[in-house]
There are 2 protein chains.
Amino acid sequence: MSALTRDANPPLTKSVEDYLKVIYHLSSQGGFATTSDIAGMLEVAPPSVSGMVKRLSDTGLIEHVPYRGVQLTAQGRREALRMIRRHRILELFLTQQLGYDWDGVHAEAERLEHAVSDGLIERMANALGQPQYDPHGDPIPTAAGEIEETELMPLADAPVGAKLELRQVGTQDAARLRYLADQGLTPGVLLVVSDRQPFNGPTTIALAPSGDPRIVGRDLAQLLWCREVPVEDRGRPAT
Amino acid sequence: MSALTRDANPPLTKSVEDYLKVIYHLSSQGGFATTSDIAGMLEVAPPSVSGMVKRLSDTGLIEHVPYRGVQLTAQGRREALRMIRRHRILELFLTQQLGYDWDGVHAEAERLEHAVSDGLIERMANALGQPQYDPHGDPIPTAAGEIEETELMPLADAPVGAKLELRQVGTQDAARLRYLADQGLTPGVLLVVSDRQPFNGPTTIALAPSGDPRIVGRDLAQLLWCREVPVEDRGRPAT
DNA sequence: TCAGTTTATTAGTGTAAGCTAACACGTCTT
DNA sequence: AAGACGTGTTAGCTTACACTAATAAACTGA
C-alpha cells in the first residue's frame with residue numbers, strides 16, 4: 001500500500017455516478033440490472049461493466065450476484081437519487097430560467113449534474129420554488145432522498161373512454177419530444193381515449209375538455225404515462 | 001495503431017483546460033510560464049507538468065523551450081480565453097441570479113466551466129445583458145476571443161492625493177474578498193489616496209466623494225488594481 | 001571557473017476506465 | 001441429458017494523468 005490509509009470515502013467519479021443512475025433506473029421495477037442492459041444504456045462494452053461492477057460492490061454501493069445482475073444497496077440508492085435530483089432540478093432550471101426546450105435540456109443536464117455542488121442545486125431549487133416535477137413530469141427526489149412513487153399506466157394500456165391526465169413522458173429523445181410538444185402532449189394535459197383501431201393498433205385520443213383528436217402509435221403510447229383523473233379535478237382549469 | 005486514424009481533434013480534457021488557463025495567466029505579462037510556477041498554481045508535482053507540457057506541445061497548444069518554459073500558441077490562447085470567458089460569465093451569473101457572494105463563486109465556477117456547453121454560456125451572457133466585467137472587475141473575453149487590455153496600477157503604487165477608480169481585485173481568496181466587501185472596496189468605487197505612512201507602510205485611502213477613510217496594508221494594496229479617474233467621470237454618480 | 005543549489009526532465013509506478021479476444025456459465029431445445 | 005447459443009467474466013492492453021526517485025541542465029556565488 002503506497003498511502004498509509006487508503007482514502008476511506010473517495011468522492012464518486014463521473015463514471016460511478018452514471019453507473020449508479022442507470023442501475024437505479026434498470027432495477028427500479030423490481031429485480032436486478034443485468035450487465036448487458038447496463039452496457040447498453042451507457043454505451044460501453046460489457047467487460048467494462050464487469051470491471052465497474054467489481055469496484056462498485058467492493059465499495060458497497062451495489063450488491064452483485066454473478067451471472068444474475070446487480071442491485072443498489074441503501075447507500076447506492078441514496079447516491080443515485082441524489083444524482084437524479086440534480087439532473088431534474090437542472091432540467092427544470094434550464095427550461096424555466098434560461099429558455100431551453102424540453103427536448104434540449106437532457107444532454108446539458110447530463111454533463112452539469114456531475115459538476116454542480118449540492119449548495120448550487122439547493123439554490124436553484126429555491127429559485128424554482130422547491131418544485132416537485134421536472135419538465136417531463138418525472139418526480140424530483142427531495143434533498144433527503146425521498147421520491148414520490150406514483151401509480152401510472154401507459155396510455156397504450158388505457159381502455160377506450162378512459163379520462164386521464166398525462167403525467168410523465170418516458171423518453172429523452174429530442175425528435176420525439178419535439179413532436180409531442182407540437183401535439184400539445186405535455187405533462188398535465190387531460191386526455192380522453194376515444195378509439196383504438198384495429199387490434200392493438202394506434203390509439204386515438206382527444207385533448208380534454210375540448211381539444212382536437214390525436215392519433216398516437218402504439219410505441220409512443222407506451223411512453224405516455226397517465227393517471228386516472230381524480231373526480232375533484234375533472235373539468236377544473238389547471239391551477 | 002489500433003484505430004485507423006487517430007482522432008484529429010479530440011475534445012480537451014478538464015486537465016488540459018486547467019493547464020491552458022494557468023499558462024495564460026502566468027505568461028500574460030510577457031514571457032514564459034515555468035514548470036514550477038505551473039505546478040504551484042495547479043498544486044501538482046513538477047514532473048506531472050513536464051508530462052502534460054509534452055502532450056500540449058505535441059497537439060500544438062503550447063510552445064515549449066526546454067528548461068526555459070512554455071507559451072501559448074494562437075490556438076492555445078483561443079482555448080484559454082474561451083475557458084476564461086466561461087469562468088467569468090459563470091461567476092457573474094451565480095452572483096447576480098443565484099445570490100452567491102463574490103467570495104464563494106470561484107470554486108463553483110471552477111468546476112462548472114468544464115461542463116457547460118458554449119450554448120449555455122451564451123444564454124447566460126444574454127440573460128446578463130452581454131456583460132463586460134465579472135464580479136471581481138476582470139474583463140470578460142468576447143465569444144470571438146477578444147479581451148480588453150487595460151492599463152491598471154496597484155493601489156500600492158499610487159501617489160498620495162491620487163484620485164482613482166478601483167477596477168479589479170486580484171485575488172480569489174474568500175477571507176480577503178469578504179474583508180474587502182465589508183470595507184466597501186469593490187470594483188467601481190472611487191478612491192482618494194490620503195496618506196502613506198511610514199515608509200512603504202500602510203496606505204490610508206478615502207472612499208470618494210465623501211466616504212470614511214480606510215487603512216489598507218501594503219500586501220492588500222498590491223491586489224487592488226486601479227485606474228486614474230477620467231476627467232469627464234469625476235464626481236458623477238455611477239451609471 | 002567550478003562547486004553547490006535550484007529547477008527541469010526522465011524513468012518507472014499506480015489508478016480509473018475504457019477496449020478486444022478468449023473463456024465460462026446458464027438456459028433452452030431437442 | 002447434451003449440445004448450442006447467448007450472456008457474463010477474465011485476461012491482457014491502452015490512454016490520461018497523477019506520483020516518487022533519480023538524473024540532467026542552468027544558475028550563482030565565492
Side-chain angles (χ1 to χ4, degrees), chain A residues 1-23 26-27 31-71 79 110-111 114-115, chain B residues 1-23 26-27 31-71 79 111 114:
Chain A
M1 64 211 75
S2 56
L4 279 184
T5 48
R6 190 113 292 303
D7 200 348
N9 244 37
L12 305 182
T13 66
K14 169 182 161 14
S15 273
V16 167
E17 290 173 345
D18 282 337
Y19 275 88
L20 292 178
K21 257 189 9 173
V22 322
I23 293 169
L26 288 172
S27 61
F32 290 87
T34 68
T35 297
S36 49
D37 283 352
I38 298 169
M41 300 224 69
L42 289 173
E43 304 191 276
V44 299
S48 308
V49 175
S50 286
M52 181 59 94
V53 158
K54 176 122 194 12
R55 258 169 290 152
L56 292 181
S57 57
D58 284 353
T59 52
L61 291 161
I62 63 176
E63 206 97 12
H64 181 212
V65 182
Y67 293 97
R68 185 138 299 152
V70 302
Q71 277 182 313
E79 295 294 345
E110 199 68 22
R111 272 173 292 112
H114 303 295
Chain B
M1 63 212 76
S2 57
L4 279 184
T5 49
R6 193 112 290 304
D7 199 349
N9 245 35
L12 305 181
T13 66
K14 173 182 157 19
S15 273
V16 167
E17 290 173 344
D18 282 337
Y19 274 90
L20 292 177
K21 258 189 9 173
V22 321
I23 292 169
L26 288 172
S27 61
F32 290 86
T34 68
T35 296
S36 49
D37 283 351
I38 297 169
M41 299 224 65
L42 288 172
E43 305 190 275
V44 298
S48 309
V49 175
S50 286
M52 180 60 94
V53 158
K54 176 122 197 7
R55 257 170 290 152
L56 292 182
S57 56
D58 283 353
T59 53
L61 291 160
I62 64 175
E63 207 98 11
H64 180 213
V65 182
Y67 292 98
R68 184 138 301 150
V70 301
Q71 277 182 314
E79 294 296 344
R111 273 173 291 112
H114 304 295

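Basis for what follows: all heavy atoms, side chains included, without hydrogens, waters or symmetry-related copies. Chain letters run A, B, ... following the sequence lines, proteins first, then strands; residues in each count from 1.
Listed here is the closest heavy atom pair of Y19(B) and S48(B): OH-O, 3.7 Å. Across every non-hydrogen atom of G69(A) and H64(A), the tightest pair is O-CD2, 3.4 Å. Heavy-atom minimum distance, R111(B) versus A115(A): NH1-O, 2.6 Å. Residues L12(B) and V16(B) share a closest heavy-atom pair of CD2-CG1, 4.0 Å. A33(A) approaches L26(A) most closely through the heavy-atom pair CB-CB, 3.7 Å.
In this structure, the CZ atom of R55(B) is 6 Å from the C1' atom of dA16(D), given to the nearest Å. One interatomic measurement links the two molecules: CG of L26(B) to P of dT7(C), which rounds to 15 Å at whole-angstrom precision. Regarding K14(A), its NZ atom lies at a distance of 15 Å from the C1' atom of dA16(D), rounded to whole Å. Look at CG on L56(B): it is 12 Å from P on dA16(D), rounded to the nearest Å. F32(B) places its CZ atom 17 Å from the C1' atom of dC27(D), with the value rounded to the nearest Å. Distance CD1 (I62(B)) to C1' (dA8(C)): 14 Å, rounded to an integer number of Å. Here the P atom of nucleotide dC17(D) and the CG atom of L20(B) are 11 Å apart, to the nearest Å. At whole-Å resolution of the value, CG in D18(B) and C1' in dA16(D) are 14 Å apart.
With dC17(D), dT9(D), dA17(C) as the choices, the nucleotide that has an atom nearest any side-chain atom of Y67(A) turns out to be dT9(D).
Residue Y19(A) has no polar side-chain atom (N or O) positioned under 4.0 Å from OP1 or OP2 of dA16(C). Phosphate contact (OP1/OP2 of dG6(D), side-chain N/O of S36(A), threshold under 4.0 Å): absent. Taking only side-chain nitrogens and oxygens, T34(B) never comes nearer than 4.0 Å to OP1 or OP2 of dT7(C). For H64(A) and dT9(D), the shortest distance from a side-chain N or O to OP1 or OP2 is below 4.0 Å.
Remark on DNA chain C: of its neighbouring residues S15(A) and R68(A), the 5'-side contact belongs to S15(A), judged by nearest-heavy-atom nucleotide.
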What's touching nucleotides 19-22 of chain D from the protein side, N or O pairs under 3.5 Å?
from, atom 1, to, atom 2, distance (Å)
dC19(D), OP1, A45(B), N, 3.4
dC19(D), OP2, A45(B), N, 2.8
dC19(D), OP2, S48(B), OG, 2.3

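S50(A) comes within contact range of at least one nucleobase, with a heavy-atom separation under 4.0 Å.
Rounding to the nearest 0.5 Å places NZ of K54(A) at 11.0 Å from CD1 of I62(A).
Partners of E63(A) under the side chain to side chain contact (heavy atoms under 4.5 Å, CB included) rule, at least two apart in sequence or in another chain, are T73(A).
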